[in-house]
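Take a look at the structure set out below.
Convention: sequence-line order gives letters A, B, ...; per-chain numbering from 1.
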Number of protein chains: 2
Amino acid sequence: MEQVNAILALAALAQSTRLETFRLLVRHEPDGLPAGDIARALAVPHNTMSTHLNILARAGLVSSERRSRLIVYRADVSRLRDLTLFLVQDCCGGNADLCAPLVEALNPCRSSEKVAP
Amino acid sequence: MEQVNAILALAALAQSTRLETFRLLVRHEPDGLPAGDIARALAVPHNTMSTHLNILARAGLVSSERRSRLIVYRADVSRLRDLTLFLVQDCCGGNADLCAPLVEALNPCRSSEKVAP
DNA sequence: TCCATATGTCGAGAATACCCGAAATGTGGA
DNA sequence: TCCACATTTCGGGTATTCTCGACATATGGA
């Protein structure tokens, strides 16, 4: 991921409505959610939400698909992964020891796959 | 990390000069860099850089310490870790399988500690 | 004390982001 | 075809951010 795209993604997430939208969509993976439901869930006018969704989409953080009358939005977690890797990359490059605690803190996420004995 | 602080950090990094500043400081851990050197390295007027550094500091991403005449800035990697954890948390909560590839992609960072056999 | 260096603060202009009412587009059914 | 619904686009007003010249503050040495 290049810096320009990283900034796009960071700016997209640096706004409360959009951040909540993205988190809401992550929780609704892989089904997604129609634009109207998102606007209703976050109590935001539908046209305002449309603008926010467009910004998230241009940043590659969400994708949309028309399902008859609805337009269903989904979170693109791989984009979040790319962003995370971009941010962490610098520590890894020259300072692997700096990066270790960060990666370590992330590992508990996998504990729900195989529960601790 | 609460959402308010996450947004502060995201907004701080969503600007090219500040993002480059942070990455520069990460590469200069743990020595840090004086404000003037940072401004010179990125070809930005010192007062403009001062404003950007203040925004990064309020987001907790950098810290400053006076060393006689210089004010040396350092990147706070733990804050980046908290931000990363905040972003990843949602996947982990309900969707551990979504999170697994993200964590997996991060693990190669540790390869420089113990080289693959 | 006075000066040079390093950094921060103030103020204002330009650019950009945010929000939402109103109108337009696209879809499926009567 | 016409209508109801879902979503986007347009227009604007307001708020915020970005930038930088000018000035202010802090430190150490002559």
Show every donor-acceptor pair shorter than 3.5 Å between a side-chain atom in residues 4-26 of chain B and any protein atom, with sequence neighbours excluded, or say none if there are none.
| residue | atom | partner | partner atom | Å |
| --- | --- | --- | --- | --- |
| B:N5 | ND2 | B:E2 | OE1 | 2.5 |
| B:Q15 | OE1 | B:T17 | N | 3.0 |
| B:Q15 | OE1 | B:R18 | N | 3.2 |
| B:R18 | NE | B:A12 | O | 2.8 |
| B:R18 | NH1 | B:H52 | ND1 | 3.2 |
| B:R18 | NH2 | B:A11 | O | 3.2 |
| B:E20 | OE2 | A:Q3 | NE2 | 3.1 |
| B:T21 | OG1 | B:T17 | O | 2.7 |
| B:R23 | NE | A:D90 | OD2 | 2.6 |
| B:R23 | NH1 | A:Q3 | OE1 | 3.2 |
| B:R23 | NH2 | A:D90 | OD2 | 3.4 |

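- Rounding to whole angstrom units, CZ of residue B:R66 and C1' of D:dG28 are separated by 11 Å.
- Residue A:N47 has its side chain nearest to D:dT9 when only D:dC5, D:dT7, D:dT9 are considered.
- The side chain of B:T48 places no N or O atom within less than 4.0 Å of a non-bridging phosphate oxygen (OP1 or OP2) of D:dT19.
- Looking at every heavy atom in both residues, B:E65 comes nearest to B:R67 through OE1-NH1, 3.2 Å.
- The footprint of chain B on DNA chain C, defined by a heavy-atom cutoff below 4.0 Å, extends from C:dA4 to C:dT9.
- In this structure, the side chain of A:R74 engages the main chain of A:P30 through a donor-acceptor pair within 3.5 Å.
- The distance between atom CZ of B:R18 and atom C1' of D:dT19, rounded to the nearest whole Å, is 12 Å.
- Closest to the side chain of B:H52, from the set D:dG28, D:dT8, D:dT19, is D:dT19.
- Rounded to whole Å, atom C1' of D:dC18 lies 15 Å from atom CG of B:L53.
- Within the 4.0 angstrom heavy-atom criterion, only backbone atoms of the sugar-phosphate kind lie near A:S68; the bases stay farther away.
- Note on A:L42: it does not cluster hydrophobically with A:V72, by side-chain heavy-atom contacts below 4.5 Å among ILVMFWY residues.
- Within the 4.0 Å cut-off from OP1 or OP2 of D:dC5, not a single side-chain nitrogen or oxygen of A:H46 is found.
- Across all their heavy atoms, B:A39 and B:H46 have their closest contact at CB-CA, 4.1 Å.
- B:V44 approaches B:M49 most closely through the heavy-atom pair CG1-N, 3.8 Å.
- When the side-chain nitrogen and oxygen atoms of A:Y73 are compared with OP1 and OP2 of D:dT8, one or more of them lie within a distance under 4.0 Å.
- Residues B:I71 and B:S64 approach most closely at CG2-CB, 3.9 Å, considering heavy atoms.
- Between A:S16 and A:R69, the one whose closest nucleotide on DNA chain C sits nearer the 5' end is A:S16.
- Residue B:I55 contributes atom CD1, which lies 11 Å from atom C1' of D:dT16 at whole-angstrom precision.
- When rounded to the nearest whole Å, the span between CZ of B:R67 and C1' of D:dA26 equals 17 Å.
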